[in-house]
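Excluded from the calculations below are hydrogen atoms, water molecules and symmetry mates; all remaining heavy atoms, backbone and side chain alike, are included. Below, chain A is the first sequence line, B the second, and so on; all start at residue 1.
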Protein chains: 2
Amino acid sequence: MRERRLAEPGAVEAYDAARLAFELGRSVRELRERRGWSQAQLARESGMTQSAVARFEAGGTVPTLPVLERLAAALDVTLRVGFEARGEAA
Amino acid sequence: MRERRLAEPGAVEAYDAARLAFELGRSVRELRERRGWSQAQLARESGMTQSAVARFEAGGTVPTLPVLERLAAALDVTLRVGFEARGEAA
DNA sequence: GAGAGGTATAGCATTGATGCTATGAGCTGG
DNA sequence: CCAGCTCATAGCATCAATGCTATACCTCTC
């Protein structure tokens, strides 16, 4: 079929992903500190290592959904992922 | 520091991830069909290939956030990812 | 039957996130 | 000063998602 991609994978999407990673990291750090947990404690509870938690909280990588789910479970919150119509508020 | 992981990476998390993948795939298929688009068209608009779209819609893989963002942009919807307190409704 | 469009699937290469270990910097309390 | 804790970072191995190409299957139309 010889499809041609119109969107370049390294443009706006990369920026959005980085921003999302940053905000998710901030959220987790906030939830973690609210519980008075160290990175090592959260890592233990979520099946990660302290280095991975640090990397994630700093926004150093774009997290995967399995990781987000494990973090949510450890922090006793619910992970919400979905689409909504443009303009709809939370 | 010698941390010990308590949660096994292949247990409940895997199930949740698969379920999330399945539901996200269903959402995208619904949004795509509502627009009357073929997989190839959506692929073109979102910078993917038809095979990747098919794989994703079938729930064959757990999508990454950059991919979800590109799909959302192509479908003109907003991707929402975040944590919320347990029990809070949408 | 041939052709075209839409979808599913396969195989392989690439890329990136994570696991893992180790270490450094900062800070506090002894 | 030293010990301990916390967080940040580095290097490497592994794994999984995606890109890419090709192909098979189905349905419709001619």
Side-chain angles (χ1 to χ4, degrees), chain A residues 1-11 13-18 20-22 24-26 28-72 74 81, chain B residues 1-11 13-18 20-22 24-26 28-72 74 81:
Chain A
M1 182 171 274
R2 210 71 192 108
E3 290 142 25
R4 231 50 212 98
R5 289 177 300 114
L6 296 183
E8 293 299 332
E13 304 83 16
Y15 167 74
D16 287 347
L20 197 58
F22 186 78
L24 286 170
R26 214 156 37 101
V28 166
R29 169 160 299 184
E30 200 175 308
L31 289 167
R32 175 177 64 81
E33 292 179 339
R34 189 173 303 168
R35 291 208 148 210
W37 283 2
S38 67
Q39 289 181 344
Q41 276 175 301
L42 175 57
R44 195 166 25 236
E45 298 294 330
S46 58
M48 305 176 63
T49 55
Q50 179 265 328
S51 66
V53 172
R55 201 162 33 182
F56 163 70
E57 284 189 356
T61 58
V62 177
T64 58
L65 293 185
V67 164
L68 291 177
E69 276 174 338
R70 283 187 284 163
L71 286 170
V81 183
Chain B
M1 185 167 281
R2 210 70 190 113
E3 290 143 27
R4 230 53 210 97
R5 290 175 299 113
L6 296 184
E8 292 300 329
E13 304 82 15
Y15 167 74
D16 288 347
L20 197 59
F22 186 78
L24 286 170
R26 213 155 38 100
V28 166
R29 171 161 297 184
E30 200 175 307
L31 290 167
R32 175 177 64 81
E33 291 179 339
R34 190 173 302 168
R35 291 208 147 209
W37 282 2
S38 68
Q39 289 180 344
Q41 277 176 300
L42 175 57
R44 195 165 26 237
E45 297 293 330
S46 58
M48 305 175 67
T49 56
Q50 180 265 330
S51 66
V53 171
R55 200 162 34 182
F56 164 69
E57 284 189 356
T61 58
V62 178
T64 58
L65 293 184
V67 163
L68 290 177
E69 276 174 336
R70 283 187 283 164
L71 287 171
V81 184

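With dA8(D), dT18(C), dT7(C) as the candidates, the nucleotide lying closest to the side chain of Gln39(B) is dT7(C). Here the nucleotide nearest the side chain of Thr64(A), chosen from dA17(C), dC20(D), dA8(D), is dA17(C). In this structure, the nucleotide among dT18(D), dT9(D), dA8(C) sitting nearest to the side chain of Pro63(B) is dT18(D). Checking dT18(D), dG19(C), dA8(D) against every side-chain atom of Arg70(B), the shortest atom distance belongs to dT18(D). If you check dA17(D), dG11(C), dA8(C) against the side chain of Thr61(B), the one that comes closest is dA17(D).
Following rounding to the nearest Å, Glu69(A) (CD) and dA17(C) (P) show an atom-to-atom distance of 18 Å. The interatomic distance linking Glu57(B) (CD) with dG6(C) (P) rounds to 13 Å, in whole Å. Between the CG atom of Leu20(B) and the C1' atom of dA17(D) there is a distance of 15 Å, rounded to whole Å. Taking atom CG of Leu68(A) as the reference point, atom P of dA17(C) lies 12 Å away to the nearest angstrom. The interatomic distance linking Leu71(A) (CG) with dT18(C) (P) rounds to 9 Å, in whole Å. Rounded to an integer number of Å, the gap from Trp37(A) CH2 to dT6(D) C1' is 16 Å. As a whole-Å value, the separation of Gln50(B) CD from dT18(D) P is 15 Å. One can place CZ of Arg32(A) at 8 Å from P of dA8(D), the figure rounded to the nearest angstrom.
In this structure, Ala54(B) reaches the bases: a heavy-atom distance under 4.0 Å links it to at least one base atom across the strands shown. Residue Val67(A) is in sugar-phosphate contact alone, with no base atom involved, counting any heavy-atom pair closer than 4.0 Å across all strands shown.
In this structure, the side chains of Leu31(B) and Trp37(B) stay at 4.5 Å or more apart for every pair of heavy atoms. Within the 4.5 Å cutoff, the side chain of Leu71(A) has heavy atoms near those of the Met48(A) side chain.
Residue side chain Ser38(A) does not reach the base of dC7(D) through any donor-acceptor N/O pair under 3.5 Å, judged by distance alone. With hydrogens and angles left out, the side chain of Thr49(A) and the base of dT18(C) share no donor-acceptor pair within 3.5 Å.
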>> side chain to side chain contact (heavy atoms under 4.5 Å, CB included), that's the test. Do Gln39(A) and Arg29(A) meet it? Break it down for me.
In response: CA-CA 9 Å; Gln39(A) 289 181 344; Arg29(A) 169 160 299 184; 3.6 Å; yes
> Run the salt bridge (Lys or Arg N to Asp or Glu O under 4.0 Å) check on Glu30(A) and Arg26(A) step by step: do they pass?
Replying inline: CA-CA 6 Å; Glu30(A) 200 175 308; Arg26(A) 214 156 37 101; 5.6 Å; no
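Remark: the backbone N or O of Ala54(B) is not paired with any side-chain donor or acceptor of Glu57(B) at under 3.5 angstrom.
Distances shown here put every side-chain N or O of Arg55(A) at or beyond 4.0 Å from the OP1 or OP2 atom of dG16(C).
Mapping Gln41(B) and Ala58(B) onto DNA chain C by nearest heavy atom places Gln41(B) closer to the 5' end of the strand.
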